Amino acid sequence: MARVTMADVALEAGVNKGTVSRALRGDRRISAETRGRVWKAAKKLGYELDAVASGLSSKRTGVIGVVLERMDAPWTGEFLSAVSGVLSRCKMELLLFEGGSASLAANVLRRVEGRKADGLIWFGAQARELGALEIPVVCIGPSACAGQFSVALERESVSARVRALAGRRPVRYRGGPAAVMEFLAELETEMGDGEPFVIWDGAKNPPDGERPDLLCGDERLARLLRASCLRVPVRELGVLAARVLTNAIRGSGVRPAVTLVKTTLVSTAGELILG
């Protein structure tokens, strides 16, 4: 007799494989009605019910995948240190991958699955392939798929403060490969009075002679150019992402679907304006 698979249970319950996996782990993001339907299907088909009921913790590897779109961003070391600190206290190991872009997602995720990672922190472009994973996923930034966790910057207060700084001036946003606050591009407008209020966000090759009014993330360069700076709270992002993920893997503790992190705005004089 052929072995019953998770795909068979998914077909019987009318859900996808990821939902079956989460339901059998007791993931609270899955509704009670859906969990009941999955358990009923698993029991009907004889899907190793005893093994599932005793918990899947014995099958854990203790490995957590961390995927970064870029390794050369100035905040990489601080972010990885924050994640690693949380994981080490939970006796888990960090496994680092580069290539969190949409075009490389499928290849990177195959490698993550090949290493039997218990969970994944994704710091890169949104990728639909993440929805096919059967492990908990925390995205830094908005999540592309339902059922995943998200740890992201709180946008509304930041955007409002930047609009206030710009006043009536037109806004010009210069993004680049290492951009971390792309949502500020929504403020861009040619309408207004006076010279443009220029924002640099990871800009690699800005026009010659252009000086920014605001930099995102690079406080050292901001001081040099006497511009205001939006700090990127990379340590907070890393700590919170790791905590949410480890709680999701264990099935206990606080694990909100969306966690928002506030940033701070530093003036040209080095004074804290928004925190």
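Note that the coordinates shown come from a computational prediction; the quantities given were computed from them, not determined experimentally.
Here ring pair (Phe, Tyr, Trp, His ring centres under 6.0 Å) pairs that include residues 225-253, with residues two or more places apart or in two chains, number zero.
Both Val158 and Leu240 are assigned to one and the same hydrophobic cluster, defined by single-linkage of ILVMFWY side chains at heavy-atom distances under 4.5 Å. Residues Leu237 and Trp75 share a hydrophobic cluster, clusters being chains of Ile/Leu/Val/Met/Phe/Trp/Tyr side chains in contact below 4.5 Å. One hydrophobic cluster, built from ILVMFWY side chains closer than 4.5 Å, holds both Ile135 and Val63. When hydrophobic clusters are built by joining Ile, Leu, Val, Met, Phe, Trp and Tyr residues whose side-chain heavy atoms come closer than 4.5 Å, directly or via intermediates, Leu214 is not grouped with Leu225. A continuous path of Ile, Leu, Val, Met, Phe, Trp and Tyr side chains, each step under 4.5 Å between heavy atoms, connects Leu96 with Val83, placing both in one hydrophobic cluster.
Note that CD of Glu156 and CZ of Phe183 are 10.5 Å apart. Values are rounded to the nearest 0.5 Å. Within the model, atoms OG1 of Thr19 and CZ of Arg35 stand 12.0 Å from one another, a figure rounded to the nearest 0.5 Å. To the nearest 0.5 Å, the span separating OG on Ser228 from CD on Glu219 amounts to 11.0 Å. Taking CD1 of Ile199 as the start and CG of Leu184 as the end, the distance is 5.0 Å to the nearest 0.5 Å. Here Glu210 contributes atom CD and Arg172 contributes atom CZ; the two are 6.0 Å apart, rounded to the nearest 0.5 Å. Atom CZ of residue Arg155 and atom CG of residue Leu260 lie 9.5 Å apart, to the nearest 0.5 angstrom.
Ring pair Phe79/Phe123 is perpendicular by interplanar angle, where above 60° counts as perpendicular and below 30° as parallel.
Nearest heavy atoms, Gly65 versus Phe97: CA-CE1, 4.4 Å. Contact detail for Leu120 and Leu130: the closest heavy-atom pair is CD2-CD2, 3.8 Å. Across every non-hydrogen atom of Val9 and Val38, the tightest pair is CG1-O, 4.0 Å. Considering every non-hydrogen atom in both Leu215 and Ala227, the closest pair reads CD1-CB, 3.7 Å. Between Val180 and Leu153, the shortest heavy-atom distance links the atoms O-CD1, 4.0 Å. The shortest non-hydrogen separation linking Ala248 to Pro136 is CB-CB, 3.9 Å.
With hydrogens and angles disregarded, a donor-acceptor distance shorter than 3.5 Å links the side chain of Arg169 to the backbone of Pro196. Side-chain N or O atoms of Arg231 include none that pairs as donor or acceptor with a backbone N or O of Cys229 at under 3.5 Å. At distances below 3.5 Å, at least one donor-acceptor pair connects side-chain atoms of Asp8 with backbone N or O atoms of Thr5. Of the possible polar contacts, one joining the Asp201 side chain to the Met181 backbone as a donor-acceptor pair under 3.5 Å is found. Put simply, the side chain of Glu93 never gets that close to the backbone of Leu95: no donor and acceptor are under 3.5 Å apart. Side chain of Asp118 to backbone of Ile64: no donor-acceptor contact under 3.5 angstrom is found. For Arg37 (side chain) and Ala13 (main-chain N/O), a donor-acceptor pair under 3.5 Å exists by modelled atom type. Remark: the backbone N or O of Gly141 is paired with a side-chain donor or acceptor of Ser150 at under 3.5 angstrom. When atom types are taken as modelled, the side chain of Arg60 and the backbone of Ile249 share a donor-acceptor pair closer than 3.5 angstrom. A donor-acceptor pair under 3.5 Å links the side-chain atoms of Glu188 to the main chain of Tyr173, judged by distance alone.
In this structure the side chain of Asp218 never reaches within 4.5 angstrom of the side chain of Trp200, judged on heavy atoms. Counting heavy atoms from C-beta outward, Leu68 and Leu80 have side chains that approach closer than 4.5 Å. Using a 4.5 Å cut-off on side-chain heavy atoms (C-beta onward), Phe149 and Leu245 make no contact. Looking at heavy atoms from C-beta onward, Glu113 lies in side-chain contact with Leu133 at the 4.5 angstrom threshold.
In Glu182, the CD atom is crowded: over 12 heavy atoms of neighbouring residues, nucleotides or ligands sit closer than 6.0 Å.
Here the rule is side chain to side chain contact (heavy atoms under 4.5 Å, CB included) with Phe197, and of Thr189, Leu187, Val162 only Val162 fits it.
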